[in-house]
J.: 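Handing you a structure now.
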Number of protein chains: 2
Amino acid sequence: MKYYSISEVSDRLDIPESTIRYYEKKGLLPQIERDEAGRRFFSENQIAFLGIIIYLKNTHMPISVIKQYVDWVVEGESTIELRLEMMKNHKKNVLAEISLMQEALKGIDVKIARYTKYTQERKEAREDEFILEKRK
Amino acid sequence: MKYYSISEVSDRLDIPESTIRYYEKKGLLPQIERDEAGRRFFSENQIAFLGIIIYLKNTHMPISVIKQYVDWVVEGESTIELRLEMMKNHKKNVLAEISLMQEALKGIDVKIARYTKYTQERKEAREDEFILEKRK
DNA sequence: ATACGCCTTAAACCATGGTTTAAGTCAACA
DNA sequence: TGTTGACTTAAACCATGGTTTAAGGCGTAT
């Protein structure tokens, strides 16, 4: 089974090594193996798990909550219902956040439309002036 | 023309008074009027403007960038093209962020599906046990 | 006139999520 | 054997976006 060094994982997932160390320290990456020299080595499974952590982070789950999730994963099958409820709840939060952003985007689109119209009209006005200029 | 106190604006937009003061201090709310006693009073226009600021904040535009936007608004029509470019660029960023979240949501949905299936199977297994129990 | 509520400020404080630094260990190649 | 390069740690540092505190000013109802 192939193993990856921290720099390889950093490159593959495009996250800083310091972040990976930080996550491990926070308990988000349990059971990371070390070689004789104390260096971390990651299996494909562990990289996939880190991928999930990144998904949760990208959807703004607080680290404290991700930690609870990870603790439940470590605890085993008996926590699956708790994890299910957590993920359902998180999904709800994420959908609400996306809605909020899409709402804001409407307001931003109104601005874009206004500014575009203004810019367009200015441009036409300049073209008119140019024509008048040439006929002068 | 009706004016609103800071507590009224806070209630209407559902943001803390402290945040409104903080935004004003950061230069995000220029030209807020004061009464003789030094108390802020907001016109409908100013509340609408604050609404835009909230949109930008809700789409994670950094305060420093919002500040630049506000400065350009104050500067006047000559900055409309700059504002247009800023808003177009911001929209691009927001769409990218939403995509990232939706991507993550797929991974979360896989977890939900797995956990649901497991929970469902456990439940069925318990029902089977119950039936066996009754027949015993 | 005094007390209450709403407002003001500056400055201190806070949470979150990392990043950077400094000092050191080890493996491998020249 | 010694010099790189990749790794290690703990601790300090940082940016962002606020919130809280403390001390005080005014206006109006009692």
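What you are looking at is a predicted structure, and each value in this text was computed from that prediction instead of being measured. Proteins come first, then strands; the chains are lettered A, B, ... in the order of their sequence lines, and each starts at number 1.
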J.: Rounded to the nearest Å, what distance is computed from the CD1 atom of residue Ile20(B) to the P atom of nucleotide dC6(C)?
T.: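 Taking atom P of dC6(C) as the reference, CD1 of Ile20(B) is at 15 Å.
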J.: Ion pair present between Glu81(A) and Arg122(B), side-chain N to carboxylate O less than 4.0 angstrom?
T.: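 Judged by the 4.0 Å cut-off on N to carboxylate O distance, Glu81(A) and Arg122(B) do not form a salt bridge.
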J.: Please report, rounded to the nearest Å, how far the P atom of dC7(C) is from the CD atom of Glu36(B).
T.: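 In whole Å, dC7(C) P lies 14 Å from Glu36(B) CD.
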J.: Answer yes when Arg12(B) and Glu8(B) have at least one side-chain N-carboxylate O distance shorter than 4.0 Å, and no when they do not.
T.: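 The answer is no: the pair does not qualify as a salt bridge.
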J.: Name the atoms and distances for all side-chain donor-acceptor pairs under 3.5 Å in residues 83-92 of chain A, with sequence neighbours left out.
T.:
residue, atom, partner, partner atom, Å
Arg83(A), NE, Thr79(A), OG1, 3.0
Arg83(A), NH1, Tyr115(B), OH, 3.4
Arg83(A), NH2, Gly76(A), O, 2.8
Arg83(A), NH2, Thr79(A), OG1, 3.1
His90(A), NE2, Thr59(A), OG1, 2.8
Lys91(A), NZ, Asp109(B), OD1, 2.8

J.: Going by the salt bridge (charged side-chain N to carboxylate O under 4.0 Å, His left out) test, which pairs reach into residues 50-70 of chain B, not counting sequence neighbours?
T.: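 Only Lys67(B)-Asp71(B) qualify under salt bridge (charged side-chain N to carboxylate O under 4.0 Å, His left out).
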J.: Determine, for nucleotides 3-24 of chain D in 5'-to-3' order, which nucleotides have protein heavy atoms under 4.0 Å from the base (write B), from only the sugar-phosphate (write S), or from neither (write -).
T.: ----SBB-------BBBB----
J.: Any cation-pi pair here, Lys2(A) with Tyr4(A), using under 6.0 Å and within 45°?
T.: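 Verdict for Tyr4(A): a cation-pi partner in Lys2(A).
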